[in-house]
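Naming convention: chains lettered A, B, ... in sequence-line order (proteins, then strands); numbering from 1 in each chain.
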2 protein chains.
Amino acid sequence: MPESVSKPPLAESLHPVETGFVRFFVHLATTVGLPRSVGEIFGLLFASMAPVSFDEVVARLGISKGSASQGLRLLTQIGAVSQVYVRGDRRTFYLAETRMRQLFSKALQESLRPHLEGNSRHIGLLEETIEENAAALGPAAGHYRSRAHSLRVWNEKALALLPLLDMLSPLLAPFLPFNLVKSDSASEPDSKTS
Amino acid sequence: MPESVSKPPLAESLHPVETGFVRFFVHLATTVGLPRSVGEIFGLLFASMAPVSFDEVVARLGISKGSASQGLRLLTQIGAVSQVYVRGDRRTFYLAETRMRQLFSKALQESLRPHLEGNSRHIGLLEETIEENAAALGPAAGHYRSRAHSLRVWNEKALALLPLLDMLSPLLAPFLPFNLVKSDSASEPDSKTS
DNA sequence: GGTTAAGTTCAATCTTTTTTGAACCATTTG
DNA sequence: CAAATGGTTCAAAAAAGATTGAACTTAACC
C-alpha cells in the first residue's frame, strides 16, 4: 500500500498553546451551561489552522468517540462549526466558525426565540386560569391579572428586541445565553469546501 | 397562650392560579440553568400580594427548610427578592422584585461582568503561553496570535457593551443569561420596610 | 437563665446530566 | 463480496448538581 494519502501528523497530545485555547473554551462552555467536552472540541478546532478530522478530535483530546460525535453534532447544529469535505479523504473534517457574529445570530434565532415563544404560550395558560377563577378570586383577581400582564409585557418586549439584538450581534459576541438547542427541526446539515 | 400574633391563614397548598405562576417561573429558571426550587420560590413570591414568610414558603411549596433557605438567599443576593421586616413578627418576610429592569441590571453587573473579567485574565495567560513558545512555533505563532487577539477583541467589545445593555435593560428583561452568581463579595444584605 | 421559635449549615441522598464503550450501520476499498 | 474504515447510537457507569433533614446557631420571650 503506497502511503499516498498523507494522514496529517496527528500529534497524540496537545501543545501548551492549544491547551490554552481549550481551557478558555471549556471555561466559557461551562459558564454557559454547555458540557465541558463541547468546550474542548471547540477549543481545539478554534486553535487549529486547518480543518480537523473526527478521529483527530478523539485522539488529541482523549475523549470517547461517543462524546466527540455528540459534541460535534451539537456544534454543527448551532452553527459553531462547519463540516469540510476533503477530496480524497473519506473522513469528515470540521472547521470552527470564527465569524462570531454569525454564531451569535444563529443562536439568537434558534435558541432564544423558541424559548420566548414558549413563554408566551405559558403566559396564555396562566391568563386563562386566572379568568376561570376570577369570580371566586374576588378582588385578588385584579392583582393576578396585573402580574400576569406584566409578564406578558416583558416577554413581548424581549421578543420585539430580538431583531435589534441581531443587528448588534457583532458586539455581543462571544457568549451565548443559556442552554441552547433543546428542540430540533431539520436544517441543512452540510456546507462544503474542497 | 393567647393567639395574639395573627399568623396569616397559611393555606397549606397552592391555588391553581398560584400554581400557574410557579410553573412559569420554574420553566424560566430551568431554561436559564437555575435550580427548580428557586423558580418555585420566586413564582410564589411573584404571585403573592403581600410579603411571604420563610415558613410559608416551606409549607406552601412543600420543600425543605434547607432548600428554602438557600433559594431565598440566592434570590436575595441577585436582587430578585428583598427582605421585609414586619414589626411584631419575629419572622423575616420576602417580597419579589417586580421592577424587572432592576433585576436585570443587577444581574448584569454582578454576574456578567465578573465572567467577562475572568475571560480577560484567561486570555492574558493564553497570550503569554503563545509568546513563550513563539520561537518554537515558527510561522504558526502568527496564526495563534491572531486567534487569541480576536478573542480579546470580542471580550473587550462585550465588556464595553455592558453599560449600554444596562441602559437597554428595561427591554431585555425577563431572562438572565447563564448561571448567575458564582462568586461573592459582601454587599448590604438588607433592605427594610415596615 | 432556660425555653422556644426562626433560620442556617452541611453531610448524606436523590436526581439529572455527561461520558464512556461496545454494538451497530454505512461506505469505501481491494 | 469481504474486510476495513468512519462514524452513530444507546445503555450503563461516572460525575455533577439539587434536595433533604437533622444538628446547630442566634435571637426572642417569659
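A single hydrophobic cluster is not seen to contain both A/M49 and B/L137; linkage of ILVMFWY side chains at heavy-atom distances under 4.5 Å, directly or through other members, places them apart.
Here D/dT20 presents its P atom at 11 Å from CZ of B/R36, a figure rounded to the nearest Å. Between A/I63 atom CD1 and D/dA14 atom C1' there is a gap of 16 Å when expressed in whole angstrom units. Atom OH of B/Y94 and atom P of C/dG7 are 6 Å apart (whole Å). Between the CG atom of B/L34 and the C1' atom of C/dT16 there is a distance of 16 Å, given to the nearest Å. In this structure, CD1 of A/I41 is placed 13 Å from P of D/dG7, rounded to the nearest angstrom. Following rounding to the nearest Å, B/D55 (CG) and C/dA5 (C1') show an atom-to-atom distance of 10 Å. Remark: P of C/dT19 and CG of A/L72 are 13 Å apart, rounded to the nearest angstrom. Following rounding to the nearest Å, A/F54 (CZ) and C/dT27 (C1') show an atom-to-atom distance of 16 Å.
Take the nearest nucleotide of DNA chain C for B/T92 and for A/V38: the residue whose nucleotide is more 5' is B/T92.
In this model, the phosphate group of C/dT9 is approached by a side-chain N or O of B/R73 to a distance below 4.0 Å at OP1 or OP2.
Of the listed nucleotides (D/dT19, C/dG7, D/dG7), D/dT19 has the atom at the smallest distance from the side chain of B/S37.
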For nucleotides 21-30 of chain D, read 5' to 3', which letter fits each nucleotide if B means a protein heavy atom sits under 4.0 Å from the base, S means only the sugar-phosphate is that close, and - means neither?
B-----BS--

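Remark: B/E156 engages B/R152 in a side chain to side chain donor-acceptor pair (under 3.5 Å) (not counting sequence neighbours). Under the rule for a ring-ring contact (aromatic ring centres under 6.0 Å, His included), the partners of A/H27 that lie at least two apart in sequence or sit in another chain are B/H122. Residues passing the side chain to side chain donor-acceptor pair (under 3.5 Å) test with A/R99, sequence neighbours excluded: A/E97. For B/E131, the side chain to side chain donor-acceptor pair (under 3.5 Å) criterion is met by B/R145, not counting sequence neighbours.
Using a 4.5 Å cut-off on side-chain heavy atoms (C-beta onward), B/T129 and B/N133 make contact.
Residue pairs meeting the salt bridge (Lys or Arg N to Asp or Glu O under 4.0 Å) criterion with at least one partner in residues 23-44 of chain A, sequence neighbours excluded, do not occur; the list is empty.
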